[in-house]
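To start, the structure itself, in C-alpha cells.
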Amino acid sequence: MALLIKNGEVITADSRFHADIFAEGETITRIGKNLVVHPDAEVIDATGKLVFPGFIDPHVHIYLPFMSTFAKDTHETGSIAALIGGTTTYVEMCCPNRNEDALEGYHLWKSKAEGHSACDYTFHMSVTKYIGETEKHLREIVADGITSFKIFLAYQNFFGVEDREMYQTMTLAKKLGVIVTAHCENAELVGKLQQRLLAEGKTGPEWHEPSRPESVEAEGTGRFATFLENTGAAGYVVHLSCEPALKAAMAAKSRGVRLWIESVIPHFLLDKTYAERNGVEGMKHVMSPPLRDKRNQKALWNALATGFIDTVGTDHCPFDTAQKLMGNDAFTNIPNGIPAIEDRVNLLYTYGVKRGPLDLHRFVEAASTKAAKIFGLFPRKGTIAVGCDADMVVYDPHAKGVITAAKQHVNNDYNGFEGMEIDGRPTEVTVRGKVQVREGKFVGERGRGQLLKREPTHF
Ligand code: URP
Ligand code: ZN
Ligand code: ZN
C-alpha cells in the first residue's frame, strides 16, 4: 500500500509549506517537492487544498449506558461520522458506573470498539469508585496501554466519586504516570438545586442551567486543581464551559499545578437560549456542564486563541428526540448530551479560523497536536512528519455548506447545530496510509481502527 498526496499546502502546529507527502504501508516515509514515486502508488491531488494531520477528538461517548438509556451511536456509525468530519482518532470515555466492576467494564468497552471502529481510538478509563480491588484493576488497565483516568465530580451515586476517592485515584495516577481527567461540577450542590427547582414547579429544560450554575462548575474545577496540587498528579479538565471555571483553572496553572484545559465545540457556539427553546427543542440542547450565558463565549475563544485552553473536543453524546422526551416531566430526566463528532473540525475551522481569532497553527494544535501530546500519542499522531502514522486530512478551505441532520452520518434524528454555515470541509481522509474518505464520502474499510496503546508519562 503506497499513497502520494501531491501539491497540497501542509499545515502543522508549527509549520506551513507546499510539498508532496508519500506514505508506504501505514507510515509517512518521504516529504518533499515533486516526489517521484512508484507508479502503483495511489495518488490524491491536493492542489488548492490544505493538508492537516488527522484530527483527534479527546472526548467522545460512543457506547454509553446513562440516565436509563444508551447513547445512540455504535463504533460503526460514530467512527464513520468522525472520519467524514476529519477526525482520525478519538478517545472514548470508558464509563462503567459505581455498581459495576472496572475491569469487566474495560473489557466490555473494548469489545464494543474492536473490529467495529473505522478510525483509531483509545480510552480514558473512568474511576467511578475506589474499593479494595480498584488499584489492582487499574494497574492491569494501565499495563494494557490506557494511561489516562477519568473521574466525575458530578452525577452523584452513578459515576460520581467522593473526595476520598479522587485523592486515592490521583495518588495512584501519580505513581503510575497516568493523567487524571475530570468532569468538574459540585454534585451535592447540583442535587440540592435540582430538588429546589422541581419543588417550585420548574420542570422544563430551561431550568437545567440554573440547576448547575457557573459557580458550581468553578467550585468543582478549583477543588480538582487543589487535589492535583496536593497529590502532585497531572490533570485535565474536560468540557470547561464558563469564565469562572476558566479563572479557577488558570489560577491553578499559574500556581504551577500541572493542569490542562479542554473546552468542547457546543460551548463555543451554542448558548443557554438554545436550551430555553420550547419543549423538545430545548431538551435537544441539554448537556452538562450546561450551555451558558453567551458572554462566556468571548472568554473561551480568547483563552483558546492564546493557548490557555489547550484542546477542543466534542463530548459527543447522541440521544435522539424520543430519548430526550424522557425528560418531558422533569428536566432532571433529560438524557444529557449533544452530538458533534462529525462537525467539530468544520465548525472550529469556520468560526475559529475563517470568522474568528485562531490562526491555522493554533487550530491544528487545539484540534489535534495538543491532545496527542497530552495523552501520549505524539509524534505517532498529531503531526505530519517522516515516521508518523499516515493520518491526514485533505481539506477544501473554500467549500461552503450548511449543517443539517438530513445529511449527517451520526446516528441521530437531529443536529444541535442545524442551519449553521460552514466554510470548509475535508475531501480526503487517510488513516495509517489508507484512504477512508474520498470526495467527502466514506469509501474505506469498516472495523479497521486500532486500539492505540500508550506509555505512561511521568509529567
Ligand atoms: O452532557 C454530557 N456531557 N453528557 C455526557 C456525559 C458527560 O458528562 O460527559
Ligand atoms: Zn462530563
Ligand atoms: Zn463527556
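The structure presented is a predicted model; accordingly, all values stated were derived computationally and were not measured. Remember, it's 1-based here, ligands and their atoms both numbered in the order they're listed. All heavy atoms count here, side chains included; hydrogens, waters and symmetry mates do not.
- The contact set between ligand 1 and M287, taken as ligand atoms under 4.0 Å from a residue heavy atom, comprises 1 (O).
- For atom 3 (N) of ligand 1, the nearest non-hydrogen atom of the protein is D315 OD2, 2.5 Å.
- Rounded to 10 degrees, the NE2-metal-NE2 angle spanning H61 and H59 at the Zn ion (ligand 3) equals 110°.
- Atom-to-atom distance recorded for E76:CD and K112:NZ is 10.5 Å, nearest 0.5 angstrom.
- Listed by atom number, the atoms of ligand 1 under 4.0 Å from H59 heavy atoms are 9 (O).
- Considering backbone and side-chain atoms alike, S288 places an N or O below 3.5 Å from some N or O of ligand 1.
- Here the straight-line distance linking atom CG of L197 with atom OG of S211 works out to 6.5 Å at 0.5 Å rounding.
- Cation-pi check for K354 over Y351 is not met; the charged atom does not lie both under 6.0 angstrom from the ring centroid and within 45 degrees of its normal.
- Partner of M283 under the side-chain contact (heavy atoms from CB on, under 4.5 Å) criterion, chosen from H208, Q323, K324: K324.
- Atoms of ligand 1 lying under 4.0 Å from any heavy atom of Y155, numbered from 1 in the order shown and given with element: 2 (C), 6 (C), 7 (C), 8 (O).
- Within 6.0 Å of CG on D163 lie more than 12 heavy atoms contributed by other residues, nucleotides or ligands.
- Within the protein, the number of N, O or S atoms lying under 2.8 Å from the Zn ion (ligand 2) is 2.
- Heavy atoms of other residues, nucleotides or ligands lying less than 6.0 angstrom from OH of Y167 number 12 at most.
- Here C317 does not reach the Zn ion (ligand 3): none of its N/O/S atoms is less than 2.8 Å from the metal.
- Of all atoms in ligand 1, numbered sequentially from 1 with element shown, those under 4.0 Å from a heavy atom of H239 are 8 (O), 9 (O).
- The neighbour count for R446 CZ, taken as heavy atoms of other residues, nucleotides or ligands under 6.0 Å away, does not exceed 12.
- Counting heavy-atom neighbours within 6.0 Å of R355 CZ, excluding the residue itself, gives a total above 12.
- Annotation: atom 4 (N) of ligand 1 to nearest protein heavy atom, N336 O, 3.0 Å.
- Within a 6.0 Å sphere centred on CD of E455, other residues, nucleotides and ligands contribute 12 heavy atoms or fewer.
- Side-chain contact between Y121 and V91 is absent, with no heavy-atom pair separated by less than 4.5 Å.
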